[in-house]
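Being a predicted model, the structure only gives us computed values, none of them experimental. Whatever order the structure lists them in is the order used to number ligands and atoms, beginning at 1.
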Amino acid sequence: MTQQFRITLLPGDGIGAEIISVAVDVLKVVGKKFDIEFNFQEAPIGGAAIDLTGEPLPEESLDKCRNSDAVLLAAVGGYKWDSLPPSRRPEAGLLGLRAGLELFANLRPAKIIPELIDASSLKKEIVSGVDIMVVRELTGGIYFGKPRGIFTTETGERRGVNTMVYTESEINRIGRVAFETAQKRTGKLCSVDKSNVLDVSQLWRENITKLAQEYPSVELSHMYVDNAAMQLLRAPKQFDTIVTGNLFGDILSDAAAMLTGSIGMLPSASLGATGPGVFEPVHGSAPDIAGQDKANPLAQVLSAAMMLRYGLNQSAAADHIEQSVSLILQQGLRTGDIMSSGMKLLGCRAMGDALIQALEE
Ligand code: IPM
Ligand code: MG
């Protein structure tokens, strides 16, 4: 029987429209092969939504997302909206989407692709074989804690405030996702905090440690965030699954991504307890190359594969996409961001076409 899924597409800004259209074509081809029918509906978010409605996340866009089986997002942001205050910027749309769909768990894999190992700025022997999954808490911590704002003190001086907060239930629900993720991988979990300084981190460490009793097959370790940043560059292969809060996860997931040398290749999944997940590339909207057919569509395509695997339970279709991506890289096809000598340089559309050919074979 044909499986049917409603997918909301959020192209956002910059290169978003170009890369998401490749992902849609890929999904259509894969759908035919695996008897899956996708019903796509598009909605504005980010700068595009600000221009259209004045809001970075119009209620109508959020409703469309809520009423779908999964959300495929490209990226938001651009120079045009850079001078707006934080709450009005395109990025606020992204944060609103995460909060609105209660997407508390963000999975960010950073896996070395052997064909692209030369793209890493680190030595081959350091990064070869790296396969890390960062599990980042996404709807709490300092991103959402209150009080927040810029206030004027009695002396007339302005004071900026954000608050890092975690309740035990927030720690435990992301902890469970992390332990379960580690269980499915090599069984090693490293929890990253700053419990030598922060009370919120002490509570984090206490709860994660307690939770470990329920997952005897997982080997848990703890690391301070400054050391974790250093260890990621010094000896990244010591890590398998990392679990951490919102801000530390933001920073460490970029560092982990860069180990692979090509942020243009990395997908991510944001999941809640129930309801649709959001699947998006780790990279941004790249306004400098938007509309020039230069973008690498592969992180978006691999995000669609994550959507199939984690959001729609279609792992055979996900495998097929991932294998086809490897295949075109083995054929020496490259976009500008991952180009090296002797390889064949393609634009966004041509890379997509090559991938579709590989998928159909
Ligand atoms: C990310 C981004 C976002 C974040 C920004 C764009 C709000 O950096 O997804 O990592 O900080 O979470
Ligand atoms: Mg980030």
Between [Y] and [X], does any NZ, NE, NH1 or NH2 come within less than 4.0 Å of an OD or OE carboxylate oxygen?
| X | Y | result |
| --- | --- | --- |
| Lys124 | Asp118 | yes |
| Asp131 | Lys237 | no |
| Lys64 | Glu42 | no |

Side chain or backbone of [X] under 4.0 Å from ligand 1, or both, or neither, by non-hydrogen atoms?
| X | answer |
| --- | --- |
| Arg98 | side chain |
| Arg108 | side chain |
| Arg136 | side chain |

Could you tell me the residue and atom name of the protein heavy atom closest to atom 11 (O) of ligand 1, and the distance to it rounded to 0.1 Å?
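That would be Tyr143 OH, 2.5 Å.
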To which protein heavy atom is atom 6 (C) of ligand 1 closest, and what is the distance rounded to 0.1 Å?
Glu91 CG, 3.6 Å
Looking at Asp250, the N, O or S atom sitting nearest the Mg ion (ligand 2) is OD1
Between ligand 1 and Asp250, is the shortest N or O to N or O distance under 3.5 Å?
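Min N/O separation from ligand 1 is below 3.5 Å for Asp250.
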Lys/Arg cation over aromatic Phe104: Arg173, 6.0 Å, 45° cone
yes
Indicate whether any N or O donor in one side chain lies under 3.5 Å from an N or O acceptor in the other, for Arg108 and Asn106.
yes
Ignoring hydrogens and angles, state whether a donor on the side chain of Gln41 or Thr8 is under 3.5 Å from an acceptor on the partner side chain.
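Result is yes, a qualifying pair exists.
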